[in-house]
Number of protein chains: 2
Amino acid sequence: MKYSKATNYALHTMLFLVAHTPDKPVGVQQLAERQNVSPTYLSKILTKLVKAGLIESASGANGGYRLRRKQEEISFLDIIHAIEGTASLFDCTLDHPSECLIQQEMVKAEGQMEDYLRGKMMSELAEKMRSWH
Amino acid sequence: MKYSKATNYALHTMLFLVAHTPDKPVGVQQLAERQNVSPTYLSKILTKLVKAGLIESASGANGGYRLRRKQEEISFLDIIHAIEGTASLFDCTLDHPSECLIQQEMVKAEGQMEDYLRGKMMSELAEKMRSWH
DNA sequence: CAATCACAGACTTTATTTATCTATAATATA
DNA sequence: TATATTATAGATAAATAAAGTCTGTGATTG
Ligand code: SF4
Ligand code: SF4
């Protein structure tokens, strides 16, 4: 079990957009270079973020991506859910999974992780960034 | 990102071993039937649990698997780590991941889930089982 | 109109997971 | 001791998922 590289790309892109000057859209090419990933692939990932309402895109010259919400309203969980989906990490494969005890505990455990990620906003990260980089 | 089916099999097997009469080893055939999985495949999974020291195996007639520790000393996390490994769920693929802020937060989030799983013992589950099944 | 950009879908490649098959080693018991 | 029974190991195959490419289309700017 691993987070996908797509999630990694998405998180780093969001962090960059947050740290970057607001309002001016950033093209996928620039974003892709920083992460050593092909623009077309990154584009596919960012489209998911667009559909999730986290960023917005502008076609044409001087187009690109920019934040849609304020950075203090974007959580890690928002981004991760946009990429990985919201399904549970654990699926009881047996026939009566609706009341599966194991399943229940696994979901609770996952909930702990999600709670943390839900509370972790991009603004906080950007703050730390500024004092380091 | 999903937990593997192997983890599911391992957890259910452990739960069965805990709920079952202690001391008498249980063969992989019996364990496999309950979960609709091939004995050889399950065997491979259980061997990981053996190597992790959670259960022990006995060859030959009347052989099989039995718990090695007391059930109140076996946590969900023990089982999951035995199957999935202990590596972090998130790998920053960029060049300076040692001090990656994103990585740090992801590891913390994962730690929340692990804390829950570390505290969840098989004995507690077996308890609930008894009052249901 | 021409250049620039995002989007969509088909496709390929690579990696991982799941599962099978076969042969070997250990053990009980008849 | 011989035989049946059971776990283990390793090679391999099949299925699934993730990662990445390619190409064409549509929107926007200037
Ligand atoms: S934990 Fe109990 S209820 Fe859930 S699938 Fe396993 S046996 Fe069934
Ligand atoms: S979060 Fe900052 S330090 Fe970490 S990889 Fe991204 S840019 Fe580098």
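Labels below follow one simple rule: chain letters A, B, ... track the order of the sequence lines, proteins then strands, and each chain is numbered from 1.
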Specify the separation, in whole Å, of atom NZ of B:Lys2 and atom P of D:dA15. 21 Å
What is the separation between atom CG on A:Asn8 and atom P on D:dA19, rounded to the nearest whole Å? 10 Å
When you check the gap from the basic side-chain N to the acidic O, do B:Glu105 and A:Lys128 get nearer than 4.0 Å? yes
Whole angstrom is fine here: how far is it from CG in A:Leu89 over to C1' in C:dT17? 16 Å
Here the distance between atom C1' of C:dA3 and atom CD of A:Gln29, to the nearest Å, is 13 Å
Quick tally for nucleotides 20-30 of chain D: nucleotides whose base has a protein heavy atom under 4.0 Å get B, sugar-phosphate-only ones S, the rest -, giving BB----BBBSS
d(CG, A:Asn36; C1', D:dA19) in whole Å: 15 Å
Any side-chain N or O of B:Ser4 below 4.0 angstrom from OP1/OP2 of C:dT16? no
Give the rounded distance in Å between these two atoms: CD of A:Glu84 and P of D:dA17. 14 Å
Rounded to the nearest Å, what distance is computed from the CG atom of residue A:Leu42 to the P atom of nucleotide C:dA6? 9 Å
Nearest-0.5 Å distance that lies between atom CG in B:Leu89 and atom CE in B:Met113: 5.0 Å
Are A:Val26 and A:His20 close enough that some pair of their side-chain heavy atoms sits under 4.5 Å apart? yes
Side-chain contact, heavy-atom cut-off 4.5 Å: A:Phe16 with A:Gln35? no
In this structure, CE of B:Met121 is separated from OG of B:Ser75 (nearest 0.5 Å) by 5.0 Å
So what does B:Ser43 hit on the nucleic acid, given a heavy-atom distance under 4.0 Å: a base, only sugar-phosphate, or nothing? base
Is a salt bridge present between B:Asp78 and B:Arg118, judged by a nitrogen-to-oxygen distance below 4.0 Å? no
Distance from B:Arg130 atom CZ to B:Glu127 atom CD, nearest 0.5 Å? 5.0 Å
Can you tell me how far CE of B:Met129 sits from OG of B:Ser123, rounded to the nearest 0.5 angstrom? 13.5 Å
Quick one: side chains of residues 36-43 of chain B, donor-acceptor pairs under 3.5 Å with protein atoms, not counting sequence neighbours, listed by atom name and distance.
residue, atom, partner, partner atom, Å
B:Ser38, OG, B:Thr40, OG1, 3.4
B:Ser38, OG, B:Tyr41, N, 3.2

Residues in contact with DNA chain D, drawn from residues 45-57 of chain B - heavy-atom cutoff 4.0 Å: B:Thr47, B:Lys51, B:Ser57
Rounded off to whole Å, could you give me the OH-to-P distance for the B:Tyr3 and C:dT18 pair? 14 Å
